[in-house]
Structure formats: C-alpha cells, structure tokens
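Following: one structure in structure tokens, then a few remarks.
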Amino acid sequence: MNWLSPPRVRGVLRVGSALLGLGVTGWLLATLWPEPDRVAQGAPLSADQPETLAPLPESPVMVVVIGLDANRLGAPTNQAAPKGPANADALLMLRIASREPLQVLQIPTELGVQLPGEKDPGSLAQLWQRGGVGLVSDAIHDIVGLEDGDPKRYVVMPRAALRRLVDGLGEVEVVLGQSYQRQDKAQGYSVNLQAGRQSLNGVQAEQLVRHLPDPKDVSQRRQRQDILVEALIEQVKAPSGVALIPALVDQLDADVETNLSRSEQLSLAAAIIASPEPAAITRLPLANRAGEQTLRQIKPEASRPLWPQP
C-alpha cells in the first residue's frame, strides 16, 4: 500500500533534514522580513493599528504548529493514553498574510507514513519521536505538496503552552453543540463541558481539544479543535488583542519551541490582526477508512498541491 506519495516521500522523507537539526531554515529570515528583528518604536498600541506591534511581513509566511500530548517541552512521558514519549497530538499549517484571510489547514495526525526500511507504516503523529520538527515538517511538505522550503517556520506547543495561551488572552468564547463529560483516573484527566455559549479558560480549552472517547473518532476531535482555533483567532483580533500580544509572547517564551524570533512573532500577530475576515479553516481529503484500521490515507485521486486554497 502506498502510504505517502509522491514519490515515496521524495526519497526517504528527506531524513537528512531531521539529522541536520531544527535551525536549518533560519537563513530564510531576510527574505521574509527584509529587516530582521525590527520592531516599530514609539507608536501607541491600538487595535486599529496592528502594525504598531512590528512591521508586517512583506510576503505570506507558512508556519507549522505542532501540538504535543506532553505537558511540557522535554517531559519524559506524555502522561496520556497510551503513555510513552510525546507524540504530535495536533498538527496545523498556517498561511499568514496581512492582506489575505488567514488560512488554517488541519492535518490528520493519524495519516499513515511508510518510513524507508520499515515493514509497516506508522502514524504521522509518531514521526515526532523519530525526527522531531525536521521529519514532521518534511512529511507535511510532501503530503500536501508545498513549494520548496515550506514550511519555513514552526512552533511546538505542549499542553501547558496551550493553557497559558488561552489564559493569556483572557479566556475564549465558544458555542458547543453538545455536552462532554469524561473522567480518566489513569491519566488524572477529566472533561466537564456543557452545551451552549460559554467562556473557556486554559484548562477547559485543553479538555475540549483533547477529548477523544473513541480512537477511531479523531475527525470529531478535529472539529472541536476547529472551534477553539476560531475562538482564538477572534480573541486575537478583538480590540484588546494588540495590547495583550507583547506580554503573551514573553509569557510563552519558555513554554514553546520555535524558530520565530520575538519580532517575527509580533509581526505575524500583527498580520493576523490586520488580515481580512473570515479566516479559512480547511481539511485534507481523506480516503474512507478501510475496516477497523486506524491509519488514514489521502484520497488517491487528490492532486498536489492540496493546499493552500486559491
């Protein structure tokens, strides 16, 4: 079964990039922000002037966001189910431009990936254990059919960073179509969310996006993740967003791993705030599940590139 084309993960998923380390793309900074680390000075912060955070990027920037099931970076165990080293629990691609709607691509972590020399395919989520950002980014590059060099930037967020992000924005408002309750004593984890409109703090937001009562129902969890992504975008673009961003970037510094400098983070935040609405959240075209298998495939007839949408 051909789990990842074309052609066969372009020769070993470009595993060499994973071995070269995570800073390989840093040299591209000058092409995205011609004056790197330049932040606008002296202008008062205003929700109507997002460019006061930092100069806007001159061209669209693609960022892969890797959400880990571990609580913190470097944690020896994910304290999840099944317990073990951290996995990529959620994968998003962002295309950020100040003059275009924000584009968000949900990437299924259960996509099957066949590594060279291995008998059986594994999930995209498990590539994090094998090669970190480099291997995950290369796999996404080939699955989606992105242009050479993309994604240029990455952000790795463990669960603690998600909680801090939501709390730093002052909670997020969501509308849930149903209630969710679950208690897992083995993981020390519980979910107690009611249907209807409500504001979620960081702990509740984590409950929403991690809730997975059935391992074969990951697509339903992605729908709940979409709810949170939309709420986060709305909160960032709210009148209070510009004033909150600089402190939030500082607060998240120790919780996330990224090759974005502080001024780049501010620049991308400014671009998101300035971008036209609505944001576009899309999915990859998945083939129907075969029997009881948990791994998924892209529809065979799908042609690359699968994203971004025109």
Side-chain angles (χ1 to χ4, degrees), residues 28 31-34 40 45-67 90-108 137 140-141 143-147 149-155 157 162 165-166 168-170 172-175 200 205 208-209 219 222-245 248-249 258 260 263-286 302-310:
L28 291 162
T31 68
L32 301 176
W33 287 273
L45 294 180
S46 165
D48 298 325
Q49 296 177 302
E51 66 274 11
T52 60
L53 283 172
L56 299 173
E58 295 187 355
S59 59
V61 181
M62 285 195 183
V63 182
V64 60
V65 180
I66 302 173
L91 293 168
L92 298 174
M93 278 292 305
L94 309 181
R95 187 178 189 271
I96 304 171
S98 60
R99 293 186 175 91
E100 304 171 15
L102 173 66
Q103 293 199 43
V104 182
L105 176 66
Q106 277 266 21
I107 301 173
S137 295
I140 291 172
H141 173 101
I143 289 169
V144 179
L146 299 175
E147 294 183 359
D150 280 327
K152 295 180 177 68
R153 294 292 189 266
Y154 66 82
V155 178
M157 294 187 63
L162 173 64
L165 171 63
V166 173
L169 289 171
V172 294
E173 187 171 282
V174 301
V175 178
L200 303 183
L208 179 66
V209 297
S219 62
R222 279 194 289 276
Q223 292 181 12
R224 292 189 288 275
Q225 291 171 352
D226 286 348
I227 293 173
L228 181 61
V229 169
E230 290 174 345
L232 288 170
I233 294 170
E234 183 177 338
Q235 191 74 352
V236 168
K237 293 172 76 71
S240 61
V242 171
L244 291 172
I245 295 301
L248 184 56
V249 168
T258 182
L260 287 160
S263 63
E264 288 175 348
Q265 294 176 55
L266 295 174
S267 176
L268 293 184
I272 291 173
I273 294 170
S275 65
E277 296 187 35
I281 301 179
T282 55
R283 305 280 184 89
L284 291 177
L286 294 181
S303 59
R304 271 74 174 174
L306 301 174
W307 185 84
Q309 301 297 317

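Bear in mind that the values here come from a model prediction, so they are computed numbers and not experimental data.
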What distance do [X] atom [atom1] and [Y] atom [atom2] have between them, rounded to the nearest 0.5 Å?
X	Y	atom1	atom2	value
L92	Q103	CG	CD	13.5 Å
D150	W307	CG	CH2	8.5 Å
Q235	S240	CD	OG	5.5 Å
L53	L268	CG	CG	11.0 Å
I245	I273	CD1	CD1	5.0 Å
L146	M93	CG	CE	5.0 Å

[X] side chain to [Y] backbone, donor-acceptor under 3.5 Å:
X	Y	value
K237	A274	no
S275	A97	no
R95	V104	no

At their closest point, which heavy atom of [X] faces which heavy atom of [Y], and how far apart are they?
X	Y	value
L56	A271	CD2-N, 3.6 Å
V209	Q225	O-NE2, 3.5 Å
I233	A279	CD1-CB, 3.9 Å
V166	L232	CG2-CD2, 4.0 Å
L248	G168	CD1-CA, 3.8 Å
Q223	R283	CG-NH2, 3.3 Å

Close side-chain approach of [X] to [Y], heavy-atom, < 4.5 Å:
X	Y	result
V144	L105	yes
I281	E230	yes
P285	L306	yes
V155	Q265	no
E277	P101	no
I227	V175	no
P57	S267	yes
P108	R222	yes

Practice task
Decide yes or no on side chain to side chain contact (heavy atoms under 4.5 Å, CB included) for M157 and V65, but give the supporting numbers first.
Solution key: CA-CA 7 Å; M157 294 187 63; V65 180; 4.3 Å; yes

- Would you sort out whether L94 and V64 count as a side chain to side chain contact (heavy atoms under 4.5 Å, CB included), showing the intermediate values? CA-CA 6 Å; L94 309 181; V64 60; over 6 Å; no

message: Determine whether L284 and Q106 satisfy the following criterion, side chain to side chain contact (heavy atoms under 4.5 Å, CB included), listing intermediate values before the conclusion.
response: CA-CA 7 Å; L284 291 177; Q106 277 266 21; over 6 Å; no

